[in-house]
Amino acid sequence: MDLSTKYLGLTLQNPLVAAASPLSEDLDKIRQLEDAGASAVVMESLFEEQIDVDSFELDRHLSGGAESFAEALSYFPDLSSYNTGPDGYLEQIAKAKAAVKIPIIASLNGVSSGGWIRYAKKMEQAGADALELNIYTIPTDPALTSELVEQAYVTLVSDVASGLGIPVAVKLAPYFTNLANLSRRLDLAGAKGLVLFNRFYQPDFDLEALEVLPSLKLSTQYELLLRLHWVAILSGRVQTDFAITGGVHTAQDVLKSMMAGAQVVEIASAILKNGIGYLKTIENDLIAWMVEHEYESIQQMQGSMSQRSVANPNAFLRANYIKVLSSYALKA
Ligand SMILES: Cc1cc2nc3c(=O)[nH]c(=O)nc-3n(C[C@H](O)[C@H](O)[C@H](O)COP(=O)(O)O)c2cc1C
């Protein structure tokens with residue numbers, strides 16, 4: 001059975017990539033991920049705010065947020081004890097590369113085109129096979145137009161990718177007016193892959209303490225549907241590779257992701273919940289399904305359920321929407 005796939009120019013033994021999570025902080029866990037069948041590991045992110053508070057300050061001043069900067073910084077948790085810090089992160093890349101044969105994908109998490117992006121080059125020099133750039137930002141300024149927000153994404157991706165020899169994938173949230181257009185612009189700016197999607201962490205309220213509670217809940221399979229939907233729309237229309245992350249818990253989820261048009265899936269919650277060995281279960285189930293359904297390779301199924309052959313996807317999606325609503329039968 002040929003499970004191999006090509007992602008960011010790398011040939012991977014299967015589409016099961018370990019998503020960015022605290023598992024990559026520990027070399028033993030990285031080795032266990034390789035033994036359990038992970039074809040690559042994405043490291044936990046290094047944050048822009050961790051790298052260079054000075055450049056962060058400068059960027060915020062330049063982008064007009066000077067008066068609120070001190071207040072903004074006070075929101076950030078103390079990052080000194082979070083993962084290994086900037087220097088430790090580079091060492092961890094080098095150690096991980098020495099410990100396993102599978103590709104190691106470094107992860108940078110930031111929003112502004114500042115001095116911090118020089119770390120991308122350092123990550124490459126430390127041995128990273130690729131870089132995942134996670135752009136996590138929630139625009140809240142009513143005066144900020146979507147055009148400006150998207151231009152900032154494009155500029156950041158171009159700034160990061162232009163100086164690098166290794167491929168860059170961009171991890172995004174789903175909330176854009178026209179994701180298809182932004183995806184194409186990110187492709188032209190140098191992104192070799194799109195990682196869909198960031199989960200939107202929504203804090204809850206504690207009604208007794210009247211406090212905002214940050215809460216990280218692991219994903220459910222339901223979250224996969226949004227990802228399948230978008231990869232099916234974009235694959236073939238945008239030239240980048242696609243990674244689906246969010247809600248991949250079983251071999252069936254992997255199969256659906258491949259058929260939508262993804263090259264890999266990036267899994268965190270299912271591994272954190274069931275243990276690293278669970279990746280082997282997913283791989284075995286994947287093979288069993290493919291044998292039963294007479295598939296010989298993963299590449300054979302990639303994109304088979306995408307909408308690349310639909311001439312007018314907009315009309316197609318609207319028709320489906322009407323069909324879904326009208327298919328609901330009220331109980332008597
Ligand atoms: C505990 C935890 C830590 C995470 N840390 C990061 C991170 O540092 N950088 C990042 O890009 N994503 C991070 N993620 C998101 C995952 O990489 C993944 O994209 C997301 O959880 C969706 O996949 P899943 O449904 O398999 O969990 C984290 C997720 C969890 C659960």
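Counting convention: from 1, in listed order, for ligands and their atoms alike. Quick note: numbers below take in every heavy atom, side chains included, and nothing from hydrogens, waters or symmetry partners.
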Note to self: Main chain of H249, side chain of Y278: is a donor-acceptor contact present, judged purely on distance under 3.5 Å?
What the structure shows: yes
Check: So is there a nitrogen or oxygen of S219 less than 3.5 Å from a nitrogen or oxygen in ligand 1?
Finding: yes
Note to self: Any nitrogen or oxygen of S21, side chain or backbone, less than 3.5 Å from one on ligand 1?
What the structure shows: no
Notebook entry, point to check: Under 3.5 Å between some N or O of ligand 1 and some N or O of G247?
Noted result: yes
Margin query: Between ligand 1 and S269, is the shortest N or O to N or O distance under 3.5 Å?
Written below: yes
Check: For atom 12 (N) of ligand 1, which candidate among K171, Q221, E223 holds the nearest heavy atom?
Finding: K171
Check: Which heavy atom in V231 sits nearest to a heavy atom in A262, and how many Å separate them?
Finding: CG1-N, 3.6 Å
Check: Does W289 offer a backbone N or O that forms a donor-acceptor pair with the side chain of H293 under 3.5 Å?
Finding: yes
Next item on the list: May I ask you to list the atoms of ligand 1 that are less than 4.0 angstrom from any heavy atom of L272?
Entry: 31 (C)
Next item on the list: Could you tell me whether some N/O pair between H249 and ligand 1 is separated by less than 3.5 angstrom?
Entry: no
Check: Do T155 and Q151 have side-chain atoms, one donor and one acceptor, less than 3.5 Å apart?
Finding: yes
Notebook entry, point to check: For the atom pair CG (L33) and CD1 (I102), what is the distance rounded to the nearest 0.5 Å?
Noted result: 7.0 Å
Margin query: Side-chain heavy atoms nearer than 4.5 Å, only ILVMFWY residues, links allowed to pass through others: does that put V238 and L182 together?
Written below: yes
Check: Hey, does the side chain of D129 reach the backbone of I104 with a donor-acceptor pair shorter than 3.5 angstrom?
Finding: yes
Item checked: Which segment of V42 sits under 4.0 Å of ligand 1 when only heavy atoms are counted -> neither
Margin query: Check whether R227 reaches the backbone of E223 with its side chain - one donor and one acceptor, N or O, closer than 3.5 Å.
Written below: yes
Notebook entry, point to check: CG of L156 to CG of L133: how many Å apart, nearest 0.5 Å?
Noted result: 5.0 Å
Notebook entry, point to check: Can you list the atoms of ligand 1 that are under 4.0 Å from a heavy atom of L218?
Noted result: 31 (C)
Item checked: Option whose closest heavy atom lies nearest to atom 13 (C) of ligand 1, chosen from A20, S107, G246 -> A20
Next item on the list: For I267, counting its heavy atoms only, list the atoms of ligand 1 lying under 4.0 Å from any of them.
Entry: 26 (O)
Check: So is there a nitrogen or oxygen of L216 less than 3.5 Å from a nitrogen or oxygen in ligand 1?
Finding: no
Next item on the list: Flag R199 as yes when one of its N or O atoms lies below 3.5 Å from any N or O atom of ligand 1, and as no otherwise.
Entry: no
Next item on the list: Enumerate the atoms of ligand 1 whose separation from the nearest heavy atom of E44 is less than 4.0 angstrom.
Entry: 8 (O)
